[in-house]
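Below is one structure, written out as structure tokens; the observations come after it.
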Amino acid sequence: MADLATTVDAPLPGATLLDKKMKKKMPAWVSGVIVLVALIGGLGYIGFHVAGDLGNVSLGSVWPYILLGTALFIALGFEFVNGFHDTANAVATVIYTHSLDANIAVVWSGLCNLTGVLTSAGTVAFTIITLLPVELILKVSSGAGFAMVFALLIAAILWNLGTWWLGLPASSTHTMTGSIIGVGVANQLMANSADGTSGVDWEQATKVFKVLLVSPLVGFGCAALLFLLSKALVRYPDLYKAPKDDTPPPFPIRALLVLTCTGVSFFHGSNDGQKGMGLIMLILIGTVPTAYALNHAVTRHDIQDFIAASEQAVSIVDRHVDKTAILGSDSREELTSYLQTKKVHPATMTALRELIRDTEGAVRAYGDYKTVPASMQSNVRNDMYVTSETLRILAKNHQGNFTKDDSAALDNYKKKVDKATKFIPSWVKVAVALALGLGTMVGWKRIVVTVGEKIGKEHLTYAQGATAELVAMGTIWAADNFGLPVSTTHVLSSGVAGTMAANKSGLQFSTLRNIAAAWVFTLPAAALLSGLLFALFRVIHPN
């Protein structure tokens with residue numbers, strides 16, 4: 001730890017570069033007005049829609065409102081920390097190449113993050129959710145469910161704050177993955193399960209971890225290659241020079257750097273911003289299921305499509321049912337067991353058919369998700385969630401021996417189910433966008449100093465800044481389209497290192513060593529911290 005503090009805080013030769021760059025500030029009232037307008041508008045929008053959602057809901061006491069407010073505060077706190085921890089990477093290059101004044105860059109990046117969150121599809125949000133133990137998701141309104149949410153969010157916040165304080169570009173995605181694994185392992189160990197870690201979807205976690213492992217290598221290699229390629233093809237000498245004094249670069253170069261900063265900030269918002277959305281939805285479902293368990297925006301036409309798809313799905317699954325299998329009293333329990341073990345039993349297909357049929361009957365009886373009784377909203381949602389996850393795992397593991405046409409029909413049914421359960425209200429996106437954007441504007445300086453001054457031994461050139469951000473932008477965009485969480489921090493900092501190596505500018509290995517150490521220890525440290533917090537919360541509130 002002493003080495004970490006020395007690396008970050010020691011007065012290196014370039015340690016005052018950022019302070020010099022910040023001498024030329026835009027008037028404080030300009031940035032203040034921008035932030036104030038965004039904040040007032042966003043809070044007004046959130047308040048209006050929350051009031052509309054809860055207008056006809058009676059929670060019986062003030063306690064659910066307190067719990068809801070506390071949980072949302074912690075979830076948005078994670079996104080706030082994520083803003084100044086991760087997004088700082090996006091503005092480092094434009095600040096250190098004098099393309100934008102530091103204050104302008106931070107405000108602009110915050111607004112681009114906000115836009116990215118608002119336009120995101122939510123795919124990444126639900127990828128994160130699938131890492132969580134299914135039994136805890138189904139009990140999200142219980143003490144175990146809230147212990148899960150609080151433990152993993154608080155653990156992620158604490159680790160992010162620690163690495164930020166040391167100026168280390170650690171990954172919020174990496175941290176969240178570790179926190180989820182820690183909760184899953186602790187949950188199973190406390191339950192005395194024979195299969196000690198069955199609640200952790202290790203296949204899905206490994207998939208996410210592979211992306212986190214590969215992304216720094218992609219950032220380093222692609223940025224180095226792109227830099228060398230541009231050197232060979234783009235004959236523009238000024239592009240490969242380091243900035244002089246506080247002079248901005250020529251207009252074409254400046255436009256390129258601002259464009260790449262914009263792209264990285266936007267795609268960071270569209271990817272990283274989703275990580276908190278799924279958890280916020282779990283909080284809303286746990287505290288106010290009447291309003292948020294099912295998607296009330298689904299139209300009656302969509303309901304009819306769901307019923308038609310359900311009938312087709314029942315007929316397909318029925319052809320694969322083991323007629324000799326004896327189903328217990330609870331179809332959902334049978335499928336939950338399948339999701340934990342990934343093993344098909346004789347009663348699995350029978351349970352799947354019955355749960356599809358029961359859900360269709362409930363939806364058909366009420367005709368609209370809004371009119372499903374408050375006491376049944378959570379049950380209907382849980383049945384839908386288990387059915388959807390069962391179909392996903394069956395398809396992924398090639399279980400069930402379905403034909404190509406059968407698989408297509410079941411996938412169509414799954415999409416109808418997901419439309420009812422995997423949704424994100426617009427006000428949640430606005431809340432996350434505000435938290436992420438405000439976080440970007442508050443605590444960005446420590447990470448910016450590390451990326452801009454302490455990775456390479458020479459000042460960042462225009463071409464190095466542009467290529468590192470182009471690679472980061474492309475990588476995050478690709479991950480977003482595949483619904484995978486990726487680390488902006490890892491991709492961009494490794495991209496800067498790649499351009500330094502390609503340009504033979506030299507690397508500060510002490511900084512890279514500490515970044516690598518943070519990368520290695522993030523997952524186990526976050527897992528241990530969240531697991532201990534989960535166990536503590538379960539002891540305090542066992543039910």
Side-chain angles (χ1 to χ4, degrees), residues 53-54 56-60 64 67-68 71 126 129-130 132-149 199 278-298 300 302-303 306-307 309-311 313-314 317 327-340 347-393 413-425 543:
D53 291 343
L54 302 183
N56 298 319
V57 176
S58 176
L59 299 182
L67 190 61
L68 174 62
F126 297 110
I129 292 299
T130 58
L132 293 166
V134 63
E135 63 271 25
L136 290 184
I137 293 177
L138 298 180
K139 299 175 183 176
V140 70
S141 59
S142 68
F146 281 104
M148 168 188 70
V149 173
L279 297 174
I280 288 175
M281 288 309 301
L282 287 182
I283 292 168
L284 293 174
I285 291 165
T287 52
V288 201
T290 306
Y292 297 109
L294 296 172
N295 187 359
H296 293 175
V298 170
R300 288 189 174 272
D302 293 327
I303 295 291
F306 169 79
I307 291 173
S310 298
E311 292 175 346
V314 167
V317 175
L327 179 64
S329 59
D330 194 332
S331 299
R332 189 202 300 168
E333 185 176 326
E334 174 68 32
L335 294 186
T336 300
S337 176
Y338 165 73
L339 292 175
Q340 292 173 326
T348 301
M349 289 300 171
T350 306
L352 180 60
R353 180 194 63 191
E354 293 306 304
L355 206 56
I356 294 174
R357 182 178 287 163
D358 291 347
T359 305
E360 177 198 342
V363 173
R364 186 191 291 273
Y366 297 105
D368 196 311
Y369 295 139
K370 292 180 182 178
T371 57
V372 175
S375 60
M376 291 184 61
Q377 291 264 347
S378 292
N379 283 332
V380 172
R381 178 196 175 275
N382 285 344
D383 287 347
M384 286 183 164
Y385 179 83
V386 169
T387 302
S388 175
E389 285 299 288
T390 298
L391 291 173
R392 181 179 70 84
I393 300 298
Y413 168 74
K414 181 180 181 303
K415 289 178 180 176
K416 307 296 183 188
V417 172
D418 290 345
K419 191 169 185 178
T421 58
K422 295 183 178 180
F423 66 100
I424 299 174
N543 297 319

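Side chains included, hydrogens not; waters and symmetry mates left out as well; all remaining heavy atoms used.
- In this structure, E311 CD and R357 CZ are separated by 11.0 Å, a value rounded to the nearest 0.5 Å.
- In this structure, E333 and D330 approach most closely via the heavy-atom pair N-OD1, 3.2 Å.
- Contact of the I356 side chain with the Y413 side chain is registered, since non-hydrogen atoms from C-beta on lie closer than 4.5 Å.
- Taking the side chain to side chain donor-acceptor pair (under 3.5 Å) definition, one finds that D302 meets it with T299, K419, sequence neighbours left out.
- For F423, the side-chain contact (heavy atoms from CB on, under 4.5 Å) test picks out M281, N295, P425, with sequence neighbours left out.
- When the side chain to side chain donor-acceptor pair (under 3.5 Å) test is applied to K370, no partner is found at least two apart in sequence or on another chain.
- When atom types are taken as modelled, the side chain of Q340 and the backbone of V134 share no donor-acceptor pair closer than 3.5 angstrom.
- Ion pairing of R353 with E334 is absent here, as no side-chain N (NZ or NE/NH1/NH2) approaches a carboxylate O to less than 4.0 Å.
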Applying side-chain contact (heavy atoms from CB on, under 4.5 Å) to I280 and Y292, what does each step give before you reach the verdict? CA-CA 11 Å; I280 288 175; Y292 297 109; over 6 Å; no
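- The nearest pair of heavy atoms linking A293 to I285 is CA-CG1, 4.1 Å.
- The two residues G286 and F146 have their closest heavy-atom pair at C-CZ, 3.9 Å.
- The OG1 atom of T371 lies 9.0 Å from the NE2 atom of H296; values are rounded to the nearest 0.5 Å.
- Here the closest heavy-atom approach between residue T348 and residue L335 is recorded as O-CD2, 3.6 Å.
- Listed by chain and number, the residues in a side-chain contact (heavy atoms from CB on, under 4.5 Å) with S378 are P289 (sequence neighbours excluded).
- A pairwise comparison of heavy atoms in G367 and R300 identifies O-NH1, 3.2 Å as the closest pair.
- Here the straight-line distance linking atom CD1 of I137 with atom OH of Y385 works out to 3.0 Å at 0.5 Å rounding.
- To the nearest 0.5 Å, the span separating CG on D358 from OG1 on T387 amounts to 9.0 Å.
- Contact of the L282 side chain with the M148 side chain is registered, since non-hydrogen atoms from C-beta on lie closer than 4.5 Å.
- At distances below 3.5 Å, not a single donor-acceptor pair connects side-chain atoms of S388 with backbone N or O atoms of M384.
- Partners of D383 according to the side-chain contact (heavy atoms from CB on, under 4.5 Å) rule, which considers only residues two or more places apart in sequence or in another chain, are R332, L355, T359.
- Atom CG of residue L294 and atom CZ of residue R381 lie 8.5 Å apart, to the nearest 0.5 angstrom.
- Taking E360 as the reference, R364 meet the side chain to side chain donor-acceptor pair (under 3.5 Å) condition, with sequence neighbours excluded.
- Annotation for N382 and L138: closest pair ND2-O, 3.3 Å, computed over non-hydrogen atoms.
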Starting from the C-alpha separation in whole Å, work towards a yes-or-no answer on side-chain contact (heavy atoms from CB on, under 4.5 Å) for L132 and L279. CA-CA 10 Å; L132 293 166; L279 297 174; 4.2 Å; yes
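- With a 4.5 Å cut-off on side-chain heavy atoms, L391 and L352 count as touching.
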With side-chain contact (heavy atoms from CB on, under 4.5 Å) as the test, would you mind laying out the steps for Y369 and T421 before giving the verdict? CA-CA 11 Å; Y369 295 139; T421 58; over 6 Å; no
